[in-house]
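Note sheet for the following structure.
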Amino acid sequence: MAESTGSRRTIDDDFWVTKPTDCQTSDNNLGGVSVWCDGDDIFRFLDNVCEGDRLELDNDKLPYLHSWAICKSISKWNPFPWYAVQFFNDDEWGTYSTRNTFLNVAFPPSKDVTAIVVTPIFTFLFKTGGKVRINNFTDTCKDWSPPLGERRIRKEITYQLKELHEIHASLEVYVCRNRFIDSEDFVNYCRYGYCKDNNYRRVSEWYSKDNIDIEGFFQEFRVGDRLEFRYSSPYQRWGIYIGQWGNDLKQVVLFDPGDSAMTSSGIGSSARPKPELWVKSIWIHVVIEGRQVRINNKGDLRWSTLDGENILEEISSQLPGKTRRHACKVLFKDSEDFVNYCRYDDWRINFGLVCEWCPPDPSPRLHVGDRLEFSRTLPYAHWGIYVGDWEGKHHQVVHFAPAADGNAKLFSKNKSFSLESSAKDKPELCVDDIWEVSGNDKVKINNDRDHFWPPLVRTDILDKMKHQLDSQSDGNKPVYRLFSNNCEHFVNYCRYGKHHSDQVNRISWMFDQFVAYLTK
């Protein structure tokens, strides 16, 4: 809840396009959107602006027309106490030389270092000849948290001013502590405590109990950060930061493969512990246990990141009921595999998803690695594994089927087949689009085996498929056998590393029952 800083001033009706909410506990123009103001309206603007307001800036002289700043007061004794705090990056503002020339101030030379400029609103309007307005429309959006109090906003802004780089006249240039996607992302972080990027691409310094500033240390983290832990032992672990878990704050989820000191097993037990997920406090892990830790999101350069809400939703499915320890549902190779699965969409799978039969539809539900079951004449069903984009083509499926007349066309329901591949129908792994594989039949996602065998992550599934296809191209073609090496065997091998077919097991069971009946 926002903090009270005094009674609300009289509202200037003509100044507001959308009037602020008349809230006695807030004095930061909750939900207000003002008219555009230039240098001629400066005093009217300063009479209405509040600390923590989102300032929308417009200037046709800049490389990009729009940018954002957040309002901060410097001193109540200053005749012009309101300052605009503005984040700069290359994507939004163009080259460093353009900014240096326009603002007549030197920015940090490294493009890996982002900057914040603090300047009086009065000076900004007259120096650049631009326009500004208060734009707090996101305060009332249902998907957004309410704005922070003014004291908290000041604290967040001050924390981002890592070190002073240069002072020129009334402008101050600081090195920004965190990296944001753009100026609006920075403003939203300061006002709501929310940013889109989850420390996008950030790799921090190493922290230990000997060199951390406790308050600043915990402000570094964002939900979904990949945390790299350095142990004194040969082990190096990764965790994913989740913030609050149940009633506990500053928590991290760690993957334990079952071979470390984290695992507590009975003395004398010969059974190898199974991989588990643990929820632990960063404070305990770093300060009490003496680990070193750093934020390491360098994988953002290669893979598409997910937002914090999506990451927490996936972790909640892995740790049902806010448990603090649970067996792994997905087969992770190591702890880095686990954190990549949580943070990046490229690593996700549709765990346990089973859909209804439907015509082939490449909907957003389809993920790389899905087992696709195609209806055929009972009791037979054809299987393939979805790979999405493959060699420039969309919605591709890899499936194991005998080819017709030596080509790689699909093994359809109208084609007869034998227990062994004939010389004419040479067995091949085929890569076809989902419509060609389906034909006139229906298809469904069927990952029901996930509850019996931990599925591999997406990258490992693709690796297994590529290895099989590469082997085939090298002349090592697989031999199709209905009972020992069919399309379902291939799909299960790719997703689980298991050579198994439920269809064959059902047929074997039926045969055993028939034999048992005859021998009665």
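- Smallest separation of non-hydrogen atoms from G243 and V223: N-CG2, 4.5 Å.
- In terms of the side chain to side chain donor-acceptor pair (under 3.5 Å) criterion, residue partners of R371 (sequence neighbours excluded) are, by chain and number, D448, N492.
- Residues D370 and H367 have side chains that never bring a donor and an acceptor to within less than 3.5 angstrom of each other.
- D345 contributes atom CG, which lies 5.0 Å from atom CG of L306 (distance to the nearest 0.5 angstrom).
- Residues H399 and F490 are not in side-chain contact: their nearest non-hydrogen atoms beyond the backbone lie 4.5 Å or more apart.
- With sequence neighbours excluded, the residues forming a ring-ring contact (aromatic ring centres under 6.0 Å, His included) with Y496 are W453, listed by chain and number.
- Closest heavy-atom contact between R495 and G369: NH1-O, 2.5 Å.
- Listed by chain and residue number, nothing satisfies the salt bridge (Lys or Arg N to Asp or Glu O under 4.0 Å) test with E313 (two or more places apart in sequence, or in another chain).
- Among all heavy-atom pairs drawn from L30 and P147, the shortest one is CD1-CG, 3.4 Å.
- A distance-only check finds a donor-acceptor pair linking the side chain of N447 to the backbone of N350 [under 3.5 Å].
- By the side chain to side chain donor-acceptor pair (under 3.5 Å) test, Q292 is found to be paired with R230, residues two or more places apart in sequence or in another chain being considered.
- Figure legend: cation-pi geometry between K250 and F221 absent, as NZ or CZ is not positioned both under 6.0 Å from the six-membered ring centre and within 45° of its axis.
- Taking the centre and axis of the six-membered ring of Y207, the NZ or CZ atom of R294 falls outside the cone set by 45° and 6.0 Å.
- The ring-ring contact (aromatic ring centres under 6.0 Å, His included) check on F374 picks up nothing, with sequence neighbours excluded.
- Among all heavy-atom pairs drawn from C342 and I315, the shortest one is SG-CG1, 4.0 Å.
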- Message: Applying side-chain hydrogen bond (donor to acceptor under 3.5 Å, both in side chains) to Q318 and E314, what does each step give before you reach the verdict?
- Response: CA-CA 6 Å; Q318 296 284 329; E314 178 61 31; 3.2 Å; yes

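- Partners of R449 by salt bridge (Lys or Arg N to Asp or Glu O under 4.0 Å), not counting sequence neighbours, listed by chain and number: D502.
- N340 contributes atom CG, which lies 7.5 Å from atom CH2 of W238 (distance to the nearest 0.5 angstrom).
- D463 is linked by a side chain to side chain donor-acceptor pair (under 3.5 Å) to nothing, counting only residues two or more places apart in sequence or in another chain.
- Under the ring-ring contact (aromatic ring centres under 6.0 Å, His included) criterion, H467 pairs with no residue, sequence neighbours left out.
- The CG atom of N297 sits 9.0 Å away from atom OG1 of T305, with the distance rounded to the nearest 0.5 Å.
- With values rounded to the nearest 0.5 angstrom, I70 atom CD1 is found 9.5 Å from E156 atom CD.
- One distance of note links CD1 of I445 with CG of L353; it measures 5.0 Å at 0.5 Å rounding.
- Partners of F137 under the ring-ring contact (aromatic ring centres under 6.0 Å, His included) rule, at least two apart in sequence or in another chain, do not exist in this structure.
- Contacts of D460 classified as salt bridge (Lys or Arg N to Asp or Glu O under 4.0 Å), with partners at least two apart in sequence or in another chain: K333.
- For D248, the salt bridge (Lys or Arg N to Asp or Glu O under 4.0 Å) partners are R324, not counting sequence neighbours.
- Counting only distance, with no hydrogens or angles, the side chain of D225 and the backbone of L227 share no donor-acceptor pair below 3.5 Å.
- Between the side chain of Q468 and the main chain of L429, no donor-acceptor pair closer than 3.5 Å is present.
- The minimum heavy-atom distance linking H489 with S501 is given by the pair CE1-CB, 3.5 Å.
- A salt bridge is defined here as a Lys NZ or Arg NE, NH1 or NH2 lying under 4.0 Å from an Asp or Glu carboxylate O, and K298 with E228 fails to meet this definition.
- The residues R54 and D139 are annotated as not salt-bridged, no charged nitrogen and carboxylate oxygen being separated by less than 4.0 angstrom.
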- Evaluate the side-chain hydrogen bond (donor to acceptor under 3.5 Å, both in side chains) criterion for residues N136 and N29: first the C-alpha distance (whole Å), next the side-chain angles of each, then the deciding distance (0.1 Å), finally the verdict. CA-CA 7 Å; N136 297 328; N29 289 323; 6.0 Å; no

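- In this structure, the side chain of T158 engages the main chain of R154 through a donor-acceptor pair within 3.5 Å.
- For the atom pair I153 CD1 and E51 CD, the distance stands at 7.5 Å (nearest 0.5 Å).
- I157 places none of its side-chain heavy atoms less than 4.5 Å from the side chain of I116.
- The side chain to side chain donor-acceptor pair (under 3.5 Å) test applied to E172 returns Y174, not counting sequence neighbours.
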